[in-house]
Amino acid sequence: MTTARVPLRIGVLGAGQRGFTLADLTATQPHLARIAAVAEPREAYRQAFASRFGLDRGATFASWQEFVVQRPAVDAVIITTLDRDHVGPAVACLTQGIPVLLEKP
């Protein structure tokens, strides 16, 4: 059995309103989890997210596909891509054994 790492390192796939909202909520519990990476195709959103959560360039990705290939050090991901785009990142992350919170409005 694997021991959970505390605080958990969380990746956020999709830095729109819902991504920011769930990341902000996560940040209120720093003893439990911290935002460790983001994947977002819109550069301005990606940069704003990285700035808010103190992520360096190596923890930012232009797509969820790049995130999955690079496999940053995260313990879980929150998927907040557009609803119609949930399947791809969810399957890819689960296939790699990354626990997923699949956001749904």
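Nothing fancy with the numbering, it's 1 onward along the sequence.
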Contacts of [X] that satisfy side chain to side chain contact (heavy atoms under 4.5 Å, CB included) - sequence neighbours left out:
{"X": "A76", "result": "I10, P99"}
{"X": "Q29", "result": "H31, L32"}
{"X": "S63", "result": "Q65, E66"}
{"X": "V87", "result": "V91"}

With a 4.5 Å cut-off on side-chain heavy atoms, are V12 and L22 touching? no
Is R46 close to L55 at the side-chain level, that is, under 4.5 Å between some pair of heavy atoms? no
Partners of F53 by ring pair (Phe, Tyr, Trp, His ring centres under 6.0 Å), sequence neighbours excluded?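 Per chain and number, F53 pairs via ring pair (Phe, Tyr, Trp, His ring centres under 6.0 Å) with F49.
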Contacts of type side-chain hydrogen bond (donor to acceptor under 3.5 Å, both in side chains), residue [X], not counting sequence neighbours:
{"X": "T80", "result": "none"}
{"X": "Q47", "result": "E43"}
{"X": "Q96", "result": "R71"}
{"X": "D85", "result": "none"}

A59 backbone acceptor or donor facing D56 side chain under 3.5 Å: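 Here the side-chain-to-backbone pair exists.
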Can you see which heavy atom on [X] is nearest to which on [Y], and at what distance?
{"X": "P7", "Y": "A33", "result": "CB-N, 3.6 Å"}
{"X": "A36", "Y": "A73", "result": "CB-O, 4.2 Å"}
{"X": "P30", "Y": "A27", "result": "CD-O, 3.5 Å"}

Other members of the hydrophobic cluster containing Y45, with the 4.5 Å side-chain heavy-atom rule, please. none
Any chance you could pull the hydrophobic cluster mates of V77, using side-chain heavy atoms under 4.5 angstrom and chaining through other members?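 ILVMFWY cluster around V77 also holds L13, F61, W64, F67, V68, V74, I79, L94, I98, V100, L102.
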Here the gap from I78 atom CD1 to I35 atom CD1, rounded to the nearest 0.5 Å, amounts to 5.5 Å
With sequence neighbours excluded, give me every salt bridge (charged side-chain N to carboxylate O under 4.0 Å, His left out) pair touching residues 90-101.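 Counting only pairs at least two positions apart or across chains, no salt bridge (charged side-chain N to carboxylate O under 4.0 Å, His left out) contact touches residues 90-101.
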